[in-house]
Amino acid sequence: MAIKLGPNQYGKAEVRLVTVTRAGDVHHLKDLTVSTALRGDLAKTHLTGDNSDVVATDTQKNTVYAFAKESPVGEIEDFGLRLARHFVGRFGQITGARITIDEHAWDRIAVGGRPHDHAFSRSSEEKRTTVVTVENDRAWVVSGLRDLVVLKSTGSEFHGFPRDEYTTLAETDDRILATAVTAQWRYQGSGIDWRKSFAEIRRILLETFATKHSLSLQQTLYAMGEAVLEARGEVAEIRLSMPNKHHFVVDLSPFGLTNDNEVFHAADRPYGLIEGTVLRDDAEDPGPAWR
Ligand SMILES: O=c1[nH]c(=O)c2[nH]c(=O)[nH]c2[nH]1
């Protein structure tokens with residue numbers, strides 16, 4: 001029997017980076033969590049502990065901070081591409097790099113109805129995300145969002161599912177539908193306006209969730225992905241993960257009260273977890289975009 005080293009990568013996970021840029025008295029904030037992962041022929045350190053090919057994870061972290069100073073961070077996709085190309089270009093033994101970035105959102109605090117110059121409040125736990133992969137001279141970008149929490153208080157049904165001896169769920173033609181959307185979409189082509197594309201995809205996801213009459217969360221998931229692909233030619237494929245945040249109608253009959261879809265128990269677990277991919281049949285090859 002022979003034993004060998006399989007796929008491996010290494011880097012600094014979750015570098016917390018906050019930048020302040022000043023336009024006169026007005027400050028602009030970027031709040032990112034950046035993870036680096038480098039790939040290449042790293043057999044020596046694994047097999048013998050010879051670290052002559054290992055770009056220290058500490059160096060990787062420092063590079064993130066230095067790059068944030070040397071030129072504006074800009075869109076997370078551009079920052080990820082800069083970092084990934086740097087590591088692959090600088091170190092011969094490093095043939096691939098993956099940079100994963102979450103962007104945390106801050107709003108300006110309104111003081112007397114006017115946005116403050118330098119005071120902010122965390123707007124929500126929603127994050128804008130990107131995963132940039134560079135291999136030699138090629139790049140793949142998968143961007144997305146996480147924890148976009150949405151709810152509709154009607155316009156959702158669920159019935160027609162099989163029943164067996166373990167089935168207790170009642171059929172319903174009117175329920176609350178709530179989820180926390182995680183979406184990741186893979187870009188294709190070049191010259192993409194990352195900021196605009198993100199804003200449009202987010203808008204389409206929200207509008208479709210709101211307006212599509214739902215017979216299942218699966219149907220809603222597909223409709224959301226389909227709407228993105230129909231409107232955004234730069235997207236080859238979108239993956240959605242949507243927990244079904246169940247809202248159960250509380251039985252108020254012990255108290256002699258009716259409950260006409262007015263009082264719910266919002267359960268946090270367990271939850272249904274609905275996941276799916278929607279893609280073009282002529283999409284570019286994904287390469288290492290997801291690996
Ligand atoms: O939209 C739904 N999809 C399911 O697969 C499912 N299963 C379940 O119990 N409730 C729901 N709702």
Side-chain angles (χ1 to χ4, degrees), residues 102 105 124-129 131 142-186 198-232 235-255 257-281 283 286 289-291:
D102 288 356
S124 78
E125 283 313 305
E126 182 186 338
K127 285 160 246 344
R128 176 175 163 185
T129 64
V131 181
V142 173
S143 292
L145 52 78
R146 197 163 70 242
D147 298 329
L148 172 59
V149 180
V150 291
L151 178 152
K152 57 198 286 185
S153 51
T154 190
S156 167
E157 313 181 25
F158 188 63
H159 45 74
F161 48 88
R163 306 200 77 87
D164 68 7
E165 64 272 40
Y166 303 118
T167 306
T168 57
L169 185 70
E171 307 215 332
T172 177
D173 60 6
D174 190 9
R175 65 173 182 174
I176 284 181
L177 186 64
T179 186
V181 179
T182 297
Q184 287 191 293
W185 51 86
R186 177 166 64 86
F198 174 83
E200 284 298 299
I201 291 168
R202 184 177 184 279
R203 178 185 63 74
I204 292 164
L205 291 171
L206 286 171
E207 286 187 7
T208 309
F209 176 82
T211 57
K212 174 79 183 175
H213 186 93
S214 178
L215 298 177
S216 65
L217 187 50
Q218 288 90 331
Q219 183 200 24
T220 297
L221 178 152
Y222 184 79
M224 290 166 70
E226 182 183 40
V228 168
L229 291 185
E230 278 172 352
R232 306 303 307 180
V235 176
E237 167 183 353
I238 180 167
R239 298 184 177 186
L240 292 153
S241 175
M242 309 209 331
N244 193 353
K245 294 165 96 56
H246 302 300
H247 286 65
F248 297 113
V249 177
V250 178
D251 179 8
L252 298 175
S253 62
F255 323 119
L257 298 170
T258 58
N259 187 355
D260 189 18
N261 264 355
E262 298 157 285
V263 179
F264 297 87
H265 168 227
D268 71 338
R269 67 190 74 169
Y271 50 88
L273 184 57
I274 312 302
E275 301 182 288
T277 302
V278 188
L279 70 169
R280 301 180 192 283
D281 57 9
W290 304 101
R291 305 188 249 111

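As the structure lists them, so they are numbered: ligands from 1, and atoms in each ligand from 1. Being a predicted model, the structure only gives us computed values, none of them experimental.
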Is it true that atom CZ of R163 has more than 12 heavy atoms of other residues, nucleotides or ligands lying nearer than 6.0 Å?
yes
Using a 3.5 Å cut-off on N or O atoms only, is L217 in polar contact with ligand 1?
yes
Is the closest N or O pair between N244 and ligand 1 shorter than 3.5 Å?
yes
Check each heavy atom of H159 against ligand 1 and say whether those closer than 4.0 Å belong to the side chain, the backbone, both or neither.
neither
Region of L177 engaging ligand 1 - heavy atom pairs below 4.0 Å:
neither
S216 neighbourhood, listing ligand 1 atoms whose heavy-atom distance to it stays under 4.0 Å
1 (O)
Classify the ring geometry between H247 and F264 as parallel (under 30°), tilted (30 to 60°) or perpendicular (over 60°).
perpendicular
Looking at atom 9 (O) of ligand 1, what's its closest protein heavy atom, distance included?
L169 CD2, 3.5 Å
Nearest non-hydrogen protein atom to atom 10 (N) of ligand 1, with distance, is F158 CE2, 3.5 Å
Are the side chain of D174 and the backbone of T154 linked by a donor-acceptor contact shorter than 3.5 Å?
no
Please check this pair: side chain of R280 against backbone of L229, looking for a donor-acceptor N/O pair closer than 3.5 Å.
yes
On the six-membered ring of Y271, is K245 placed so that its NZ or CZ lies under 6.0 angstrom from the centre and within 45° of the ring axis?
no
Heavy atoms only: which of Q218, E157, R175 is nearest to atom 12 (N) of ligand 1?
R175
Between L221, L205, T277, which is the residue that forms a side-chain contact (heavy atoms from CB on, under 4.5 Å) with I238?
L205
